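Scroll down for the structure; my scribbles are underneath it.
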Amino acid sequence: MDLLEFLKSNISTDNTLDEIINVFDEMCKTPIEEDLLINEYGVYDFTGEDLFYYDLVRQYPDGDDEYYQLRVRIIFSPDEENRHLEDTLWSDDTEENFFDYIRKSNGYDYAKNHKIKSIDIEIDQT
């Protein structure tokens, strides 16, 4: 099973944030050379509507000087609490386990306690 299908078959809006992170962590145990993990969150207008996005990304070279980004995008309705939360955390910014690192973030604290609106799982290229 490829990585995208693994994520799609094991993640749904019925999962908690911790369960989603655990599935993503499990997927990351499949070796890929030169990969980086990214956790991004904030309120953005990607669709014509402000939404709070909490993204887990695994980025790796595509062989043509660009990158694939395998992304789990967890979407929440915007509110006064999340409107001011925004950050990008890279796995090479810490020596500790990446998943322990992101669980200390303000975005994680917010997302673990709020209802998930929807989830998008996709792969794209930079």
Side-chain angles (χ1 to χ4, degrees):
M1 177 181 305
D2 75 4
L3 301 179
L4 180 63
E5 287 306 313
F6 174 80
L7 294 173
K8 285 184 175 184
S9 66
N10 287 287
I11 293 175
S12 76
T13 55
D14 294 331
N15 295 117
T16 66
L17 180 62
D18 278 322
E19 291 169 337
I20 294 168
I21 289 172
N22 289 341
V23 169
F24 197 85
D25 183 12
E26 184 67 28
M27 179 273 304
C28 289
K29 292 178 181 171
T30 300
I32 297 177
E33 286 189 43
E34 299 180 44
D35 67 335
L36 283 173
L37 304 178
I38 309 163
N39 175 229
E40 301 175 289
Y41 55 85
V43 174
Y44 304 104
D45 177 8
F46 294 137
T47 62
E49 170 186 14
D50 279 350
L51 295 166
F52 181 77
Y53 294 91
Y54 185 90
D55 290 1
L56 298 166
V57 181
R58 187 175 188 189
Q59 177 176 286
Y60 53 94
D62 71 355
D64 292 324
D65 296 326
E66 291 293 330
Y67 295 90
Y68 290 114
Q69 289 190 329
L70 183 55
R71 179 181 309 272
V72 175
R73 175 166 280 157
I74 307 162
I75 303 166
F76 300 83
S77 296
D79 60 31
E80 287 307 311
E81 189 178 351
N82 67 25
R83 210 162 275 290
H84 305 288
L85 295 175
E86 185 175 335
D87 205 355
T88 301
L89 308 165
W90 291 77
S91 58
D92 62 353
D93 287 341
T94 181
E95 293 295 318
E96 72 180 293
N97 175 280
F98 178 72
F99 298 100
D100 293 339
Y101 174 66
I102 65 173
R103 283 185 174 103
K104 296 175 187 174
S105 71
N106 292 331
Y108 170 82
D109 284 340
Y110 174 85
K112 75 177 181 178
N113 293 309
H114 289 81
K115 183 173 174 27
I116 296 171
K117 180 176 180 152
S118 63
I119 298 174
D120 291 331
I121 302 171
E122 62 188 17
I123 190 166
D124 57 14
Q125 287 182 279
T126 60

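Owing to the predicted nature of the structure, the values given are computational and were not obtained by experimental measurement.
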**Q.** Side chains of Cys28 and Phe98 in contact at under 4.5 Å (non-hydrogen atoms)
**A.** no
Q. Stepwise, does the side chain to side chain contact (heavy atoms under 4.5 Å, CB included) test hold for Ile32 with Leu3?
A. CA-CA 11 Å; Ile32 297 177; Leu3 301 179; 3.6 Å; yes
Q.
Using side-chain heavy atoms (C-beta onward) and a distance below 4.5 Å, is Phe46 in contact with Leu51?
A. no
Q) Should the pair Tyr110 and His114 be assigned to parallel (<30°), tilted (30 to 60°) or perpendicular (>60°) ring geometry? A) parallel
(Q) Working to the nearest 0.5 angstrom, can you tell me the gap between Ile38 CD1 and Asp93 CG? (A) 10.0 Å
Q. What do you reckon, is CG of Asp45 surrounded by more than 12 foreign heavy atoms closer than 6.0 Å?
A. yes
Q. Listed by chain and number, what are the side chain to side chain donor-acceptor pair (under 3.5 Å) partners of Lys104, not counting sequence neighbours?
A. Glu96
Q.
Using the side-chain contact (heavy atoms from CB on, under 4.5 Å) definition, which of the options Asn15, Asp14, Ile20, Thr16 pairs with Ile116?
A. Ile20
Q.
Quick check: is Ile102 connected to Val72 through a chain of hydrophobic side chains (ILVMFWY, heavy atoms under 4.5 Å apart)?
A. yes
Q. Within the side chain of Arg58, is there an N or O that forms a donor-acceptor pair under 3.5 Å with the backbone of Met27?
A. yes
Q. Roughly how far apart are Ile74 CD1 and Asp55 CG, rounded to 0.5 Å?
A. 8.0 Å
Q: Would you indicate whether the side-chain heavy atoms of Trp90 and Gln59 approach each other to under 4.5 Å?
A: yes
**Q.** Distance in Å, Tyr53 OH paired with Glu86 CD, rounded so as to fall on 0.5 Å steps
**A.** 13.0 Å
**Q.** Nearest non-hydrogen partners of Gln69 and Arg71, listed with the distance
**A.** OE1-NH2, 2.8 Å
Q | Distance-only side-chain donor-acceptor flag, Tyr68 / Asp35, under 3.5 Å | A | no
(Q) I'd like to know if Leu36 and Tyr101 are part of one continuous hydrophobic network [Ile/Leu/Val/Met/Phe/Trp/Tyr, side-chain heavy atoms within less than 4.5 Å]. (A) no
Q | Worked verdict on Asp79 versus Phe52 for side chain to side chain contact (heavy atoms under 4.5 Å, CB included) | A | CA-CA 8 Å; Asp79 60 31; Phe52 181 77; over 6 Å; no
Q) Are Asp87 and Ser105 close enough, and set up right, to give a side chain to side chain contact (heavy atoms under 4.5 Å, CB included), and what steps lead you there? A) CA-CA 9 Å; Asp87 205 355; Ser105 71; 5.8 Å; no
Q.
Could you check whether Tyr54 and Asn82, counting side-chain N and O atoms only, form a donor-acceptor pair closer than 3.5 Å?
A. no
Q. At what distance, to the nearest 0.5 angstrom, does CG of Asp120 lie from OG of Ser118?
A. 5.5 Å
Q) Are Tyr44 and Leu85 connected in the hydrophobic side-chain network, where two residues link if heavy atoms are under 4.5 Å apart? A) no
Q.
In this structure, would Val57 and Phe99 fall into the same cluster of hydrophobic residues linked by side-chain contacts under 4.5 Å?
A. no
Q) Are there more than 12 heavy atoms of other residues, nucleotides or ligands under 6.0 Å from atom CD of Glu34? A) no
Q: Output yes when a side-chain donor or acceptor of Asn10 lies under 3.5 Å from a complementary backbone atom of Phe6, and no otherwise.
A: yes
Q.
If I take atom CG from residue Asp25 and atom CG from residue Leu56, how far apart are they, to the nearest 0.5 angstrom?
A. 10.0 Å
Q) Same hydrophobic cluster for Leu4 and Ile11, using side-chain heavy-atom links shorter than 4.5 Å among ILVMFWY? A) yes
Q | Residues, nucleotides or ligands: over 12 heavy atoms within 6.0 Å of Tyr67 OH | A | no
Q | Any donor-acceptor pair under 3.5 Å from Asp62 side chain to Asp64 backbone | A | yes
Q. Roughly how far, to the nearest 0.5 Å, is CD1 of Ile21 from CG of Asn39?
A. 7.0 Å
